[in-house]
Amino acid sequence: MNMEEATIIFSLHFKNEDHIIRTYQNEYYSLMTLISAILPVSGFGLCCGMGSCGTCLVEISNKERSYKKPVLACSIAINDQLANMVVLIPDSGY
Ligand code: FES
């Protein structure tokens, strides 16, 4: 088995812009910490991943949008399950 870190590529969709993300497994603690590090989403992740504030709610879908799932980004690990997915970040205006 190849022990090299495989690149995980997916996109973040925020304010009508797509941001292509190249990362690897566990580079960030969670999808919430990745988003907070990359995009200035006001009020995002207010409870720092405790799962209680709901400000990190995103929608994960495949590129065809035939699959959609709302999730708390702080509960999502960075792994292969994100590969080729689209993460929609609502502009909540907190
Ligand atoms: S950061 Fe508060 S629920 Fe995810």
Side-chain angles (χ1 to χ4, degrees):
M1 187 172 141
N2 184 352
M3 297 304 286
E4 283 184 35
E5 296 284 359
T7 302
I8 300 167
I9 301 173
F10 63 98
S11 67
L12 297 178
H13 186 82
F14 180 59
K15 290 188 174 178
N16 292 321
E17 287 185 21
D18 283 314
H19 305 265
I20 304 302
I21 306 301
R22 290 178 173 77
T23 185
Y24 52 87
Q25 186 159 345
N26 299 327
E27 180 180 19
Y28 293 90
Y29 185 74
S30 69
L31 180 58
M32 185 276 284
T33 54
L34 180 150
I35 292 170
S36 295
I38 292 174
L39 292 174
V41 184
S42 179
F44 192 82
L46 283 179
C47 74
C48 299
M50 303 293 284
S52 61
C53 70
T55 60
C56 68
L57 189 69
V58 298
E59 184 179 273
I60 296 180
S61 71
N62 58 9
K63 284 192 171 145
E64 299 76 32
R65 306 279 168 114
S66 60
Y67 165 87
K68 284 186 187 175
K69 184 179 178 190
V71 295
L72 291 174
C74 64
S75 69
I76 302 296
I78 304 298
N79 60 32
D80 286 346
Q81 292 185 1
L82 281 174
N84 301 314
M85 299 302 253
V86 177
V87 177
L88 176 71
I89 305 164
D91 184 14
S92 58
Y94 284 109

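One-based numbering, in listed order, for ligands and for the atoms of each. Residues take their numbers from the sequence shown, with the count starting at 1. None of these values were measured; they are calculated from a predicted model.
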Roughly how far apart are T55 OG1 and M32 CE, rounded to 0.5 Å? 7.5 Å

Would you give the length of the straight line joining atom CD1 of I76 to atom NZ of K69, rounded to the nearest 0.5 angstrom? 6.0 Å

I'd like to know if the side chain of N62 and the backbone of Y67 have a donor-acceptor N/O pair within less than 3.5 Å. yes

Using modelled atom types and a 3.5 Å cut-off, is there a donor and acceptor pairing between side-chain atoms of S11 and backbone atoms of H19? no

List every atom of ligand 1 that sits less than 4.0 Å from any heavy atom of [X], numbering the atoms from 1 in the order shown and giving each element.
X   : answer
C53 : 1 (S), 2 (Fe), 3 (S)
G45 : 1 (S)
G51 : 3 (S)
C56 : 1 (S), 3 (S), 4 (Fe)

Counting backbone and side chain alike, does C47 bring an N/O/S atom below 2.8 Å of atom 4 (Fe) of ligand 1? no

Does C74 bring an N, O or S atom to under 2.8 Å of atom 4 (Fe) of ligand 1? yes

Protein heavy atom at shortest distance from atom 1 (S) of ligand 1: G49 N, 3.3 Å

Looking at every non-hydrogen atom in both residues, tell me the closest pair between A73 and F44 and how far apart they are. CB-CZ, 4.1 Å

Please determine whether the number of non-hydrogen atoms from other residues, nucleotides or ligands lying under 6.0 Å from atom CD of E27 exceeds 12. yes

Region of S52 that comes within reach of ligand 1 [heavy atoms, distance under 4.0 Å]: backbone

